[in-house]
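What follows is one structure encoded as structure tokens, with my remarks underneath.
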Amino acid sequence: MLIPVLFAAATFLSSYLYTKVTKLRYLRFAQYEHIPQLPTSLLWGHLKTLGELTKRGTNDRHPDKIFEEMWEAKGKPPIMFVDLRPVSAPMLLVTTHEVAEQVSRPSKLFPLSPTKSPTWTHMAPIIGMTSILAKEGHEWKDLRRRYTPGFTSRHLWTLLPLILEKTKPFIQHLDHFAATNQVFPIETIISNLTFDIIGAAVLYVDLNAQHLDRSQQGEVIRLLWELLRTYADDKNNLPWWLIPRVHYKRRRLGKRIDTLVRALVCQKYAEAKSQRSSSSTTKDISSIVALSFQDSDTETLLTPSKLTETSDQVRTFLFAGHDSLTSSLQWAFYELSRTPRALQAVRKELDSVLGPETDPAAICARLLSHSEDIFPKMKYINAVIKETLRLHPPASTVRMAAPGSGFTLRTSATDGQKDYLVDGLILYSCQSIIQRDPAVYGDNADKWVPERWLEKNADIPAAAWRPFERGPRNCMGQELANLESRVIIAIVARKYEFVKVGLGESVSNDVDEYGQFKVREELYNTRRVTAKPVDGTLMPVKLASPS
Ligand code: HEM
């Protein structure tokens, strides 16, 4: 009796194992064999290669760098399959602007462009579950429509006095560091400044971010910092079952921030309502959220679901409004500090548009009184910002067309035009590869050369510069980011001299053929939700000598 039972069990087990292994072989080797890829392992897909490459270099470098090494090893194809199962869904690395454009633009299949990848949920504790960043279809459209008034150029110009006001503590910190000769990460003071600006712009509140002593900062900022720190060691969006305690901590902190933000939203809603019903002419219509309350639904009642949704958008704006901007400003100051030619050009431009006065208060006054005249003339500064975002893009888009949707991507004629079925894959447009394409940017694609944006005949396709992404889901805050960047550079560039120490420190006063100081060891990006200089950009500052 026992033998037939054992025999039946063994037959069942071996047929079960056979089915599983056949399926695994299909998933690993056959399912996406039509897409260029490195050799893969039956059990670990490309995770093994990813792990080995990670160990071979500086292991806290941004995963984009490791993807780039894989892409180079495969001969730089326009798209590449990277199998991250079981840690994450399988991914398609997109490396040319022609293909990236198809990922971000509307099509018959996806009238609002392909949907966001479900991997966004690792950010849910920061931005909430109903964030505009992740919504789709008409829900996303409604949110975009409701919040657009707060991001129009006309409205943004009304924020200028507020932005300038917020730069005062920032300048005081710089003066203090210059007087005490302290080495400090400029990330801290830039991020505190951009937090304060976005808090004021979004809710018209003082988030009290600009204290170097964290215990003195407002509670929302302290908790947000703590929350963002939990992402510092998680370079690959590890699933909850690999880091359960970290996920629990994120959820707990996210909830506490949500509670505080909800209270602020209720307070702002009550203020907006009472201002509307009074005949006062000093209505607070100046915050992005107050403007969204003018939407007819919300005007009548802040229902629990509207409150949740508003808190999620506020948290999204607080995060998106400080994070990438801080990173790009750090890189801008660093690149300027190591490129004397460019710093001189920035200063010359500021002299010509602002006059010789370099005192921040005088600059603020002039920016306020002559903004319409001054900002359009900041051509070189614009080129500095553009080039910095090209070479050091902080963020990108990650999409996924549902399995079975039949979504295809076509590679360009120069890449041997071919259609690839890519549904079910995470579609990752890797900006740091796309924006350094020598076919577009030439032999100096890896170099920081702001002048390339000033050349009259520079033949750079619009789609090849995409730090804010393109298509309907592009960045809502790009104009605000640009305004803040120009203001901060205008106030700081002539008064202070930044000198990088540690990573990225110059070896001598010799410049290379692109006019940049040679460095001992390159400064590089790491991943903390988005891409950021790994050391917070350690830069002592001193007062610039008068020119
Ligand atoms: C240099 C600064 C910035 C960069 C490089 C940047 C980059 C990006 C990118 C790449 C996206 C697309 C993300 C995706 O597809 O998942 C995005 C979306 C977004 N950004 Fe920015 N951003 C910056 C500043 C800002 C600022 C200051 C705000 C102000 C609140 C902001 C608000 C948003 C919002 C709300 C979205 C989602 C738009 C939507 O899905 O409709 N960003 N940003």
Side-chain angles (χ1 to χ4, degrees), residues 54-66 68-69 170 173-194 212-214 225 228-229 231-235 322-343 346 384 387-389 391-394 432 436 446-448 485 488-489 492-493 495-512 514-545:
T54 306
K55 274 193 239 143
R56 236 180 267 166
T58 316
N59 67 21
D60 58 354
R61 66 200 188 281
H62 194 282
D64 278 7
K65 267 280 149 223
I66 301 157
E68 189 180 328
E69 289 158 29
F170 174 71
H173 288 314
L174 286 176
D175 284 340
H176 168 74
F177 288 134
T180 54
N181 209 10
Q182 252 173 287
V183 177
F184 66 102
I186 62 166
E187 176 180 3
T188 310
I189 57 168
I190 297 180
S191 143
N192 289 350
L193 167 63
T194 52
L212 295 178
D213 174 1
R214 288 231 174 273
W225 263 108
L228 293 174
R229 259 209 337 250
Y231 289 81
D233 295 325
D234 179 9
K235 306 274 174 280
H322 94 283
D323 181 86
S324 303
L325 179 57
T326 301
S327 168
S328 72
L329 281 166
Q330 287 174 74
W331 278 109
F333 282 119
Y334 170 60
E335 294 290 6
L336 282 172
S337 78
R338 68 179 285 206
T339 322
R341 171 197 85 252
L343 183 58
V346 165
V384 163
E387 182 68 348
T388 304
L389 284 166
L391 211 57
H392 309 291
S432 57
R436 290 176 181 225
D446 283 333
K447 294 287 171 184
W448 188 78
S485 303
I488 294 168
I489 292 175
V492 164
K495 186 172 179 196
Y496 304 97
E497 206 86 61
F498 293 89
V499 187
K500 184 80 184 68
V501 293
L503 287 173
E505 183 173 341
S506 316
V507 270
S508 69
N509 274 346
D510 288 346
V511 290
D512 64 15
Y514 297 98
Q516 292 205 301
F517 291 134
K518 294 173 190 158
V519 299
R520 213 180 304 277
E521 250 184 302
E522 290 289 342
L523 178 62
Y524 61 90
N525 266 334
T526 191
R527 180 166 190 239
R528 277 184 265 127
V529 191
T530 55
K532 301 186 172 66
V534 66
D535 64 352
T537 322
L538 287 174
M539 295 240 232
V541 61
K542 54 184 188 190
L543 293 179
S545 35

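Atoms considered below: every heavy atom in the structure, side chains included; atoms not considered: hydrogens, waters and symmetry mates.
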Residue pair [X] / [Y], side-chain heavy-atom distance below 4.5 Å:
X	Y	result
P394	W331	no
P340	F517	yes
Y334	L336	no

More than 12 non-hydrogen atoms from neighbouring residues, nucleotides or ligands closer than 6.0 Å to CD on E521, yes or no? no
So how far is it from [X] [atom1] to [Y] [atom2], rounded to the nearest 0.5 Å?
X	Y	atom1	atom2	result
L329	I489	CG	CD1	6.0 Å
K65	Y524	NZ	OH	12.5 Å
E505	M539	CD	CE	11.5 Å
K447	R436	NZ	CZ	10.0 Å
D446	Y514	CG	OH	9.5 Å

Please determine if [X] and [Y] form a salt bridge, counting it only when a charged side-chain N lies under 4.0 Å from a carboxylate O.
X	Y	result
R61	E68	no
K532	D323	yes
R338	D512	no

Test applied, side chain to side chain contact (heavy atoms under 4.5 Å, CB included); reference residue, I186; option that passes from H173, Q330, K500: Q330
Can a donor-acceptor pair be found, under 3.5 Å and without considering hydrogens, that links the side chain of R527 to the backbone of D64? no
Is the backbone of D60 close enough, under 3.5 Å, to the side chain of T526 for a donor and an acceptor to pair up by distance? yes
Taking the inter-plane angle between the rings of F177 and F184 on a 0 to 90° scale, is it parallel (under 30°), tilted (30 to 60°) or perpendicular (over 60°)? parallel
Please step through side-chain hydrogen bond (donor to acceptor under 3.5 Å, both in side chains) for the pair T530 and S324, ending with a clear verdict. CA-CA 7 Å; T530 55; S324 303; 4.8 Å; no
